[in-house]
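Keep in mind it's a predicted model, so treat the numbers as computed, not measured. Nothing fancy with the numbering, it's 1 onward along the sequence.
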Amino acid sequence: MTPDDAYRRFQHLKSHVYAKLLTQFRSDEELINGDFAKRIIPDEWMDEGLQPTVPPTAYNAVVNATDHILASPRNYIPIRPVNDSMEAAREQAENQRRFHDMWWARVYEDQGAPLERAKRKMIRGKMVLKKTIRFDLLPDMPDEPNGDDKRKFARAVKRIARSKFLWNLDVCPSENVFEDPVNPWDPSYVYEEYEIYAGDLVERYPDLYDEYGHGDPMRKIPYVEMWTKPYKDDPGSYVVWVNGKVIHEADNPYSWETDFSTEETRDYDGYVPYAIADPGFGEVDSDSNPEDRYVSILGPISSVLTSEARFLTEMEAWLRMYVFPALVTVNMEEIEDGEKEFRLGPGTHLNIRPDQQVDILRWGEAPVTLMQGLQRVNAYADEASKFGALGGAPQVGVDTATESESLTRNAATKLSGPISGMQRACQKVNSWVLMDIEHIIGTSVTLYGAFVNTENETTIGPRDINGYYYTNVTFETADENMVN
């Protein structure tokens with residue numbers, strides 16, 4: 001596929017395949033921010049100063065569910081066969097577990113706790129993690145290195161790792177990533193679209209200075225990346241477009257030749273560095289529509305949230321008329337003309353002529369159906385998203401132990417899908433880190449940390465991995481953690 005064909009595929013994905021999903025993301029954003037409520041009351045009412053009343057139900061739904069997930073992955077490494085004793089195999093597995101624990105701790109400390117942001121993306125329908133190697137930190141290696149070159153490279157990597165972390169883990173905006181819709185859990189290609197500052201663009205690609213190096217360095221420029229997965233004799237590709245024009249085209253840097261590769265027939269393996277997961281709130285059918293797969297916790301109750309805001313706004317409008325009633329006057333044109341004014345209140349004295357009258361336009365009590373309707377809407381919202389249970393609201397008529405058990409079960413049940421998605425994504429990242437060490441970096445990597453009860457330095461190399469990449473990762477809810 002030519003770069004032009006690949007860019008046209010990106011445009012088709014964005015404008016057709018993912019169009020409904022992008023609209024869905026915008027609708028959820030409006031529900032959380034309350035922007036949708038301006039559409040539920042007439043403009044003339046807003047001109048009179050009436051603002052919509054938007055409860056924080058949607059915001060609480062996302063935040064409460066997010067807060068119940070502990071963004072601390074627990075890593076478990078199976079014991080692999082080694083040439084030495086079983087005790088050596090156990091020690092090797094334990095060393096690898098310490099490495100992954102320290103890797104995630106460094107990500108948390110050095111890169112602003114990305115999993116804390118990622119779990120909110122997950123609750124809102126789609127989580128995208130992008131793991132990359134910081135190639136700018138690594139020294140250059142000759143195309144055909146000898147033993148001395150490899151030793152120098154290994155010493156340099158160890159020296160750099162003392163003060164620098166060799167990886168980046170980014171949480172990509174869900175609306176900026178467009179993956180293969182047929183196989184989103186292991187996509188053969190992924191596009192990422194965002195805007196980049198002109199100064200950053202020139203720093204990455206100095207050859208573009210003449211075109212983008214002049215003017216305001218903070219102006220934003222459209223930027224699109226495409227990553228394709230290696231397969232058989234294709235090493236995959238990494239292509240970059242700026243304003244629709246190709247500025248960089250290369251092989252996928254996360255690809256390598258397998259043991260089956262020969263001079264006549266190349267064979268490549270590798271990955272696309274995006275871990276994409278959904279919370280399990282949607283459906284997956286033969287059409288593989290993204291809008292059906294990536295459904296947020298707000299999806300089933302969007303109309304209920306709108307109705308709730310409408311009920312509260314109507315109640316405020318009625319209260320205004322009830323507490324601050326309209327004044328009815330007869331033969332008092334001077335008040336309407338602004339020549340005279342008076343105030344109503346305790347002890348107020350009104351001087352009026354015999355032909356003039358002043359009265360209050362009284363409104364009746366609020367209809368009971370208004371309060372009943374609001375209660376029913378709140379009940380629907382609670383049933384659909386378990387706001388009360390996940391928010392920690394006390395349950396009436398039960399003792400503490402039963403209440404605690406109910407909260408734990410509700411949280412574990414409702415959040416089982418998002419937690420499973422985060423586990424799968426983090427297991428992929430763990431596997432990719434091991435692949436990086438064995439095939440991309442090609443030498444031992446030492447991580448340094450500052451832990452209280454465990455070792456603060458751990459090293460893992462290609463021989464320790466030996467083709468075994470899969471690990472097990474678990475997450476807990478806050479309620480489970482308290483019980484355990």
Acceptor/donor pairs from residues 152-170 side chains to any protein atom, 3.5 angstrom cut, sequence neighbours excluded:
{"unit_1": "W167", "atom_1": "NE1", "unit_2": "D436", "atom_2": "OD2", "d": "3.0"}
{"unit_1": "N168", "atom_1": "OD1", "unit_2": "Q111", "atom_2": "NE2", "d": "3.4"}

Side chain [X], main chain [Y], donor-acceptor under 3.5 Å:
X: R74; Y: E476; value: no
X: S255; Y: P230; value: no
X: K20; Y: N289; value: no
X: D28; Y: F25; value: no
X: E457; Y: T446; value: no

Worksheet item: Mind checking whether W432 and Y271 have parallel, tilted or perpendicular rings, split at 30° and 60°?
Response: parallel
With [X], which residues qualify under salt bridge (charged side-chain N to carboxylate O under 4.0 Å, His left out), at least two apart?
X: E264; answer: none
X: D110; answer: R106
X: E249; answer: none

Does any donor atom in the side chain of [X] or [Y] lie under 3.5 Å from an acceptor atom in the other side chain?
X: D464; Y: N95; value: no
X: D180; Y: S188; value: yes
X: T258; Y: D267; value: yes

Do [X] and [Y] come close enough that some side-chain heavy atom pair is under 4.5 Å?
X: P279; Y: I123; result: no
X: W227; Y: P253; result: yes
X: K220; Y: Y197; result: yes
X: L13; Y: P181; result: yes
X: Y223; Y: E195; result: no
X: I77; Y: E94; result: no
X: I440; Y: W256; result: yes
X: W103; Y: V445; result: no

Whether over 12 other heavy atoms sit under 6.0 Å from [X] [atom1]:
X: Y7; atom1: OH; result: yes
X: Y205; atom1: OH; result: yes
X: F135; atom1: CZ; result: yes
X: E203; atom1: CD; result: no
X: D216; atom1: CG; result: yes

Enter the distance from [X]:[atom1] to [Y]:[atom2] here, rounded to the nearest 0.5 Å.
X: F10; Y: E192; atom1: CZ; atom2: CD; result: 10.5 Å
X: Y294; Y: M127; atom1: OH; atom2: CE; result: 10.5 Å
X: N176; Y: K14; atom1: CG; atom2: NZ; result: 8.0 Å

Worksheet item: Hey, is R26 close enough to E29 for a salt bridge, meaning N to O under 4.0 Å?
Response: no
Worksheet item: Quick one: do D101 and R98 make a salt bridge, cutoff under 4.0 Å?
Response: no
Worksheet item: What residues, two or more places apart in sequence or in another chain, satisfy ring-ring contact (aromatic ring centres under 6.0 Å, His included) together with Y212?
Response: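 ring-ring contact (aromatic ring centres under 6.0 Å, His included) check on Y212 returns nothing, list empty.
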Item to complete: Pick out which of Y191, Y274, Y189, Y18 makes a side chain to side chain donor-acceptor pair (under 3.5 Å) with E179.
Response: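 Answer after filtering Y191, Y274, Y189, Y18: Y18.
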Practice prompt. Would you mind listing every salt bridge (Lys or Arg N to Asp or Glu O under 4.0 Å) that reaches into residues 223-241, with sequence neighbours excluded?
Written response: K130-E225, D186-K229
